[in-house]
There are 2 protein chains.
Amino acid sequence: MNPDNNAVPELTPDAEAVCCSAENEALVREILERVADRWTLLVIDAFEDERTMRFSRLQDRVSGISQKMLTKTLRQLERDGLVHRTVHPTVPPRVEYTITPLGLGLAEALCGVWKWAAANIDAVHAARREFDQKNRREAA
Amino acid sequence: MNPDNNAVPELTPDAEAVCCSAENEALVREILERVADRWTLLVIDAFEDERTMRFSRLQDRVSGISQKMLTKTLRQLERDGLVHRTVHPTVPPRVEYTITPLGLGLAEALCGVWKWAAANIDAVHAARREFDQKNRREAA
DNA sequence: CCGCATCCTGTCGGATACTG
DNA sequence: CAGTATCCGACAGGATGCGG
């Protein structure tokens, strides 16, 4: 697939067994649907460098997100136990979000996607250009 | 980053360099945003068992998806070079979608998320219950 | 069987203004 | 600074019907 193999390491036999059983499909679906919105993945991603951050710092790192969506996304992550929220009752208020071990596990899993993206974005762009050209020819 | 290594195998030094460099952030973002909609991940997931399928089979496997969204999602995947589309000019028409090596790479990367989900869904559910209870107390 | 076009709706999500 | 509330536009996405 990709000449340099290191992007996706070999699966252990055990891992494969887990990976392809059909029973858990509904569970995985649930997680995927929960996580597959415009911001959740990006927010989780933001925690890979700093494991604990203030609200404003997060908003800064996930560029483009509104405070409304950041709040909402963080609430969901908190509810799912992926992020922990600490309010320091000072003035001005200071709220820190920390990624939990659970969340960190997901972040690691996402790191695989991260790596794939970094390694293959050029191929994707190339495919895209080719596709668009082909379509323009057909349109003509 | 993680004390227990077993979830994600050791990264080669090379891979780590790719994984955490800040430069590629925009690229990864682009991919994540492209892929993080309601259906794309689920469709890719559907290809993990069978690498080539007819349209109707796909619609069957990704339960709940409308033909409109399936078509749209597949077009995007095709454009990005993740899926290949073959039209057999028979009657009735027979259209087959095959995941490409590129797409397969992404599917593998997603497999990490898959595994995480299967392993930790209980923890997520538990966290969710706890969170909801806490909120109900506060509401009272 | 596949998938396009049309219509229509709910919801996502941004902008703004206001509290503690 | 962090969060809520309100308003509102845009668009995702379902239902239906037609066409190849």
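A, B, ... follow the sequence lines: proteins, then strands. Residue 1 opens every chain.
- Where E96(A) and R38(B) each meet DNA chain D at their nearest nucleotide, the meeting point lying more 5' is that of E96(A).
- Residue contacts shown for R57(B) are absent, as no nucleic acid heavy atom lies under 4.0 Å away.
- Rounded to whole Å, atom C1' of dG3(D) lies 14 Å from atom CZ of R54(A).
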Would you check, one step at a time, whether the test salt bridge (Lys or Arg N to Asp or Glu O under 4.0 Å) holds for R129(A) with D132(A)?
-> CA-CA 5 Å; R129(A) 276 194 304 276; D132(A) 291 344; over 6 Å; no
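- Straight-line distance from the CH2 atom of W39(B) to the C1' atom of dA12(D): 12 Å, rounded to whole Å.
- Between dC2(C) and R94(B), no contact under 4.0 Å exists linking OP1 or OP2 to a side-chain N or O.
- Within 6.0 Å of CZ in R51(B) there are 12 or fewer heavy atoms belonging to other residues, nucleotides or ligands.
- Side-chain N/O atoms of Y97(A) include one lying less than 4.0 angstrom from OP1 or OP2 on dG3(D).
- Across the interface with DNA chain C, nearest-nucleotide mapping of F55(B) and Q67(A) shows F55(B) to be the residue nearer the 5′ end.
- Using a 4.0 Å cut-off, some side-chain N or O of K72(B) falls inside it from OP1 or OP2 of dA12(D).
- When the P atom of dA2(D) is taken as reference, atom CE of M69(A) falls 18 Å away, rounded to whole Å.
- In this structure, the CG atom of L70(A) is 13 Å from the P atom of dG13(C), given to the nearest Å.
- For the pair L74(A) CG and dG13(C) P, the computed distance is 14 Å after rounding to whole Å.
- OP1 or OP2 of dG3(D) sits under 4.0 Å from a side-chain N or O of R85(A).
- When distances are taken from the side chain of P92(A) to each of dC1(D), dG20(D), dG14(D), the shortest belongs to dC1(D).
- Considering only side-chain N and O atoms, S56(B) lies under 4.0 angstrom from the phosphate OP1 or OP2 of dC2(C).
- Between the side chains of E130(A) and H125(A), not a single donor N or O lies within less than 3.5 Å of an accepting N or O.
- In terms of hydrophobic clustering, with Ile, Leu, Val, Met, Phe, Trp and Tyr side chains grouped at heavy-atom distances under 4.5 Å, V62(B) and I99(B) are assigned to a common cluster.
- The listed nucleotides are dG3(D), dG14(C), dC4(C); the one nearest the side chain of S66(A) is dG14(C).
- Between the NZ atom of K72(B) and the CG atom of D37(B) there is a distance of 8.0 Å, given to the nearest 0.5 Å.
- Rounded to whole Å, atom C1' of dA15(D) lies 13 Å from atom CD of Q59(B).
- Atom C1' of nucleotide dG14(D) and atom CG of D37(B) are separated by 16 Å, given to the nearest angstrom.
- Sequence order on DNA chain D of the closest nucleotides to K68(A) and T71(A) puts T71(A) first from the 5' end.
- Residue L58(A) contributes atom CG, which lies 10 Å from atom P of dG3(D) at whole-angstrom precision.
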